[in-house]
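Whatever order the structure lists ligands and atoms in, that order sets their numbers, starting from 1. Every value quoted in this text rests on a predicted model; they were computed, and no experiment measured them.
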Amino acid sequence: MANRTPLIAGNWKMNKDHLEAVHLVQKLDWALKDAKHDFSAVEVTVLVPFTDLRSVQTLVDADGSQLSYGAQDLSAQVSGAYTGEISPVFLEKLGVKYVAVGHSERRQYHGEDDALVNAKTKNALAHGLVPIVCVGEGLDIRKAGEQVSYTLAQVDGAFEGISAEDAAKVVVAYEPVWAIGTGEVATPADAQEVNGAIRARLAELYSAEVADAVRVLYGGSVKSSSIAELMAEPDVDGALVGGASLDPEEFAKIARFQA
Ligand SMILES: O=C(CO)COP(=O)(O)O
């Protein structure tokens, strides 16, 4: 890996109310502090439900925690008559650093397409949030051996019209849908194949410098037992962790993959 700081991001999905969130973040923070975790060596963040954000912000501020936190989605709009939507301005005011965009569950259950993912990515960047753009193929595409071309088309769509300066700030998460929540983690070679292709595409779309700056994560059934071998791949710069991020001890172990 070049000079990219690894990022371990926990995606809680629709789990933990705001009271449970405080307990979980506190336990995670303690586990990392006990282990003298060096946040400058491996960044750790949690993507929590919208309703948890204010409580998490208060806790992180009060405890002087080095954990950052983020949201799982945002609106493509900024304000106005968009019932139920959440503006990036609101997220920015809550101290949010990261926001997931185009998670496969949003693509699948909410019909989000590449154009919407692109609009949301731009909206996040315009308001100082770091988008974690999620891409990845389903099982049928994988069986047809088309995972690289399919995923790169999603990358092309997400980055359409984004400047090189902004592109360098984006985080991309390769999450093969068949590996999400199934216990079936991609092999390190599977992850490297697509992560490497994503970086090569960014070099084509922009430049070697931009491609070198962007962190490309892997997600899909990551556990403390599988993280080290994934991170050993040159183009895996971290992980987007679902189920295992709900267990603070296990998630702290994942964050401490170098230990
Ligand atoms: O979708 C994921 C993270 O965004 C991965 O979820 P799991 O780690 O539960 O497979």
Side-chain angles (χ1 to χ4, degrees), residues 6-16 20-21 24-25 28 42-50 52-53 56 67-74 91 96-110 112 117 120-121 124 129-139 141-142 147 150-151 154-155 158 170-188 190-191 194-195 198 215-231 233 236-257:
L7 173 64
I8 302 295
N11 174 9
W12 291 6
K13 309 192 178 185
M14 196 172 72
N15 294 292
K16 306 295 173 187
E20 294 166 330
L24 179 45
V25 170
L28 174 60
V42 179
E43 227 189 308
V44 187
T45 197
V46 286
L47 309 182
V48 307
F50 290 131
D52 296 358
L53 282 169
V56 169
L67 279 168
S68 63
Y69 51 90
Q72 300 169 13
D73 183 32
L74 80 165
L91 298 178
V96 158
K97 181 166 186 188
Y98 294 101
V99 58
V101 178
H103 190 278
S104 62
E105 286 148 18
R106 296 214 57 91
R107 293 181 191 255
Q108 186 178 348
Y109 305 131
H110 300 270
E112 295 199 5
V117 171
K120 289 185 173 188
T121 302
L129 308 175
V130 177
I132 300 178
V133 175
C134 304
V135 294
E137 82 288 352
L139 190 56
I141 305 284
R142 164 70 50 170
Q147 63 273 10
Y150 180 91
T151 304
Q154 290 181 325
V155 169
V170 173
V171 175
V172 179
Y174 169 55
E175 298 207 301
V177 179
W178 49 270
I180 294 180
T182 58
E184 189 161 343
V185 64
T187 65
D190 289 336
V194 181
N195 280 33
I198 291 170
R215 287 177 291 182
V216 186
L217 315 184
Y218 166 79
S221 298
V222 171
K223 306 261 183 311
S224 60
S225 55
S226 53
I227 185 69
E229 57 178 13
L230 288 162
M231 292 303 296
E233 296 294 337
V236 177
D237 304 320
L240 186 52
V241 183
S245 72
L246 299 174
D247 174 343
E249 297 294 334
E250 171 68 2
F251 188 56
K253 269 194 207 165
I254 293 172
R256 300 194 42 70
F257 66 91

For this session: Look at atom 6 (O) of ligand 1 and find which of Gln72, Lys13, Lys223, Glu184 reaches it with the closest heavy atom.
Result: Lys13
Problem set entry | Numbering as shown, the atoms of ligand 1 that approach Glu175 to under 4.0 Å (heavy-atom distance) | 1 (O), 2 (C), 3 (C), 4 (O), 5 (C)
Problem set entry | Minimum side-chain heavy-atom gap Leu246-Lys16 below 4.5 Å | yes
Exercise. For Lys223, does the NZ atom sit with more than 12 other heavy atoms under 6.0 Å from it, leaving out its own atoms?
Worked result: yes
Exercise. Does Gly219 have a heavy atom less than 4.0 Å from any atom of ligand 1?
Worked result: no
Exercise. Hey, is ligand 1 close enough to Asn11 that some N/O pair sits below 3.5 Å?
Worked result: yes
Exercise. Is the closest heavy-atom distance from Ser221 to ligand 1 below 4.0 Å?
Worked result: yes
Exercise. With distance as the sole test, does Arg215 use its side chain to make a donor-acceptor pair with the main-chain N or O of Val171 at under 3.5 Å?
Worked result: no
Exercise. Would you say the side-chain atoms of Thr45 pair up with the backbone N or O of Ser68, donor to acceptor, closer than 3.5 Å?
Worked result: yes
Exercise. Taking Tyr174 for the side chain and Val236 for the main chain, is one N or O donor matched with an acceptor at less than 3.5 Å?
Worked result: no
Exercise. Can you tell me the protein heavy atom closest to atom 8 (O) of ligand 1 and the distance?
Worked result: Gly242 N, 2.9 Å
For this session: Report yes or no: does Lys120 contribute a side-chain atom to a donor-acceptor pair with the main-chain N or O of Leu74 at less than 3.5 Å?
Result: yes
Exercise. Are Glu137 and Arg142 close enough for a salt bridge, meaning some N to O gap below 4.0 Å?
Worked result: yes
Exercise. Going by the atom numbers of ligand 1, which of them fall below 4.0 Å from some non-hydrogen atom of Leu240?
Worked result: 3 (C), 4 (O)
Seminar exercise, completed: Note: Ala179, heavy atoms under 4.0 Å from ligand 1, region reported as backbone
Problem set entry | Proximal atoms of ligand 1 relative to His103 (non-hydrogen, under 4.0 Å) | 1 (O), 2 (C), 3 (C), 4 (O)
Exercise. Using heavy atoms and a threshold below 4.0 Å, how should the contact between Ile180 and ligand 1 be classified: side chain, backbone, both, or neither?
Worked result: both
Exercise. Has Ala173 got any heavy atom lying under 4.0 angstrom from an atom of ligand 1?
Worked result: no
For this session: State whether Glu105 and Lys13 are salt-bridged, where the test is any N-O pair (Lys NZ or Arg NE/NH1/NH2 against Asp/Glu carboxylate O) under 4.0 Å.
Result: yes
Exercise. Any N or O of Gly243 that comes nearer than 3.5 Å to an N or O of ligand 1?
Worked result: yes
